[in-house]
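Just the heavy atoms: all of them, side chains too, but no hydrogens, waters or symmetry mates, feed the values below. For reference, positions follow the sequence shown, starting with 1. Because the structure is a prediction, the values reported are computed rather than measured.
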Amino acid sequence: MAGPLRRPHAGRAALAAAAALLAGLLPGLSACGGHKDGADTGTTDSAASAAGAPPAQSAASPGAAAGPSADASGGAAAVPITEAENRREVVLFFQRSDDDMLGPEKRMILPGTTVIDQGKQVVAELIAGPRTKGLLPTIPERTTVLGLYLDKSGTAYLDLSNEFVSDRQEGSSEELATVFSVVDSLTYNLPEIKRVRFLVGGEERETLQSHLDLRRAWLKDMSIVRMDDAQ
């Protein structure tokens, strides 16, 4: 009986020793695991801080929705430009009905991207004719602008369709008014143009209608303009 009674006692002692050993190891294992978790978290936070990354915000955070509005392309919304802001004023010169002088008339054109663009518009407005009472057309209405060229010296070459010549039956004074209507309108409004030469159908022509020489370059002459009539 003594043998069997000693075996259970020895078993209980072994179990107690194992439990004590396990109890001693568990705090160490727990502390080691906790230190590892903390080290990983700290490393992640430090890396984010070093990179300058801002703290994450919740999608529902009010700050996430703040800031200036932008269009679909990512830029600020465009400010509309009114028609008046997108025009420039020019002064056209037409023949007066009561004498041989030229009278001015104000007109609005698109600014254009080049002097050539604006010059073509000026001539087109001259072809359209005056809107002011007491002024007469200087270019036949069927005339079209075939081209306008400007060289480095400031000479503009204005190429007009054949109607510029064929649709007129006038004397020398009307021809003079036609030439200076064009020359003064271009040079007055566009300082880059110093003088004007006329082409008809892409070619030089000796005269307009047997009076004025179209082979020469014409300079501005404001002495035949009555600027006090500007409207």
Would you say [Y] ends up clustered with [X] if hydrophobic residues are merged whenever their side chains have heavy atoms under 4.5 Å apart, either directly or through other cluster members?
X: Leu146; Y: Val115; answer: no
X: Ile116; Y: Val90; answer: yes
X: Leu190; Y: Leu126; answer: yes

Backbone of [Y] reached by a side-chain donor or acceptor of [X] within 3.5 Å:
X: Thr138; Y: Thr178; value: no
X: Glu105; Y: Arg131; value: yes
X: Ser161; Y: Thr144; value: yes
X: Gln121; Y: Leu110; value: yes
X: Arg197; Y: Arg215; value: yes
X: Asp184; Y: Lys220; value: no

Qualifying side chain to side chain donor-acceptor pair (under 3.5 Å) pairs with a residue from residues 150-159, counting only residues at least two apart or across chains: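 Side chain to side chain donor-acceptor pair (under 3.5 Å) check on residues 150-159 returns Asp151-Ser153, Ser153-Thr155, Thr155-Arg195.
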To the nearest 0.5 angstrom, please state how far the [atom1] atom of [X] sits from the [atom2] atom of [Y].
X: Ile127; Y: Ile139; atom1: CD1; atom2: CD1; answer: 5.0 Å
X: Met108; Y: Arg87; atom1: CE; atom2: CZ; answer: 7.5 Å
X: Leu150; Y: Ile193; atom1: CG; atom2: CD1; answer: 5.5 Å
X: Thr207; Y: Leu212; atom1: OG1; atom2: CG; answer: 8.5 Å

Chi angles and distances behind the side chain to side chain contact (heavy atoms under 4.5 Å, CB included) call for Phe198, Val182: CA-CA 10 Å; Phe198 291 88; Val182 175; 3.9 Å; yes
Does any part of the side chain of [Y], heavy atoms only, come nearer than 4.5 Å to the side chain of [X], both counted from C-beta?
X: Pro111; Y: Asn86; result: yes
X: Val225; Y: Phe180; result: no
X: Leu208; Y: Val165; result: yes
X: Val123; Y: Leu148; result: no
X: Arg96; Y: Leu135; result: yes
X: Val145; Y: Leu158; result: yes
X: Glu206; Y: Leu214; result: no
X: Leu219; Y: Val183; result: no

Qualifying ring pair (Phe, Tyr, Trp, His ring centres under 6.0 Å) pairs with a residue from residues 86-136, counting only residues at least two apart or across chains: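 Listed by first then second residue: Phe93-Tyr188.
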Heavy-atom neighbours of Glu141 CD exceed 12 at 6.0 Å: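 At most 12 heavy atoms, drawn from other residues, nucleotides or ligands, come within 6.0 Å of this atom.
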Sequence-distant partners of Glu192, side chain to side chain donor-acceptor pair (under 3.5 Å), two or more places apart: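 Listed in chain order: nothing, the list is empty.
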Nearest heavy atoms of Pro104 and Val91, plus distance in Å: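 Here Pro104 and Val91 meet closest at CB-CG1, 3.6 Å.
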Exercise: identify the closest heavy-atom pair between Pro130 and Arg107: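 Here Pro130 and Arg107 meet closest at CA-NH2, 4.0 Å.
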Residues Asp167, Thr143; criterion side chain to side chain contact (heavy atoms under 4.5 Å, CB included); working and verdict: CA-CA 8 Å; Asp167 286 11; Thr143 305; 5.9 Å; no
Derivation and outcome, side chain to side chain contact (heavy atoms under 4.5 Å, CB included), residues Gln118 and Asn189: CA-CA 9 Å; Gln118 296 179 62; Asn189 295 288; over 6 Å; no
Glu204 vs Leu199, side chain to side chain contact (heavy atoms under 4.5 Å, CB included): CA-CA, chis, key distance, verdict: CA-CA 5 Å; Glu204 283 190 343; Leu199 301 175; 3.8 Å; yes
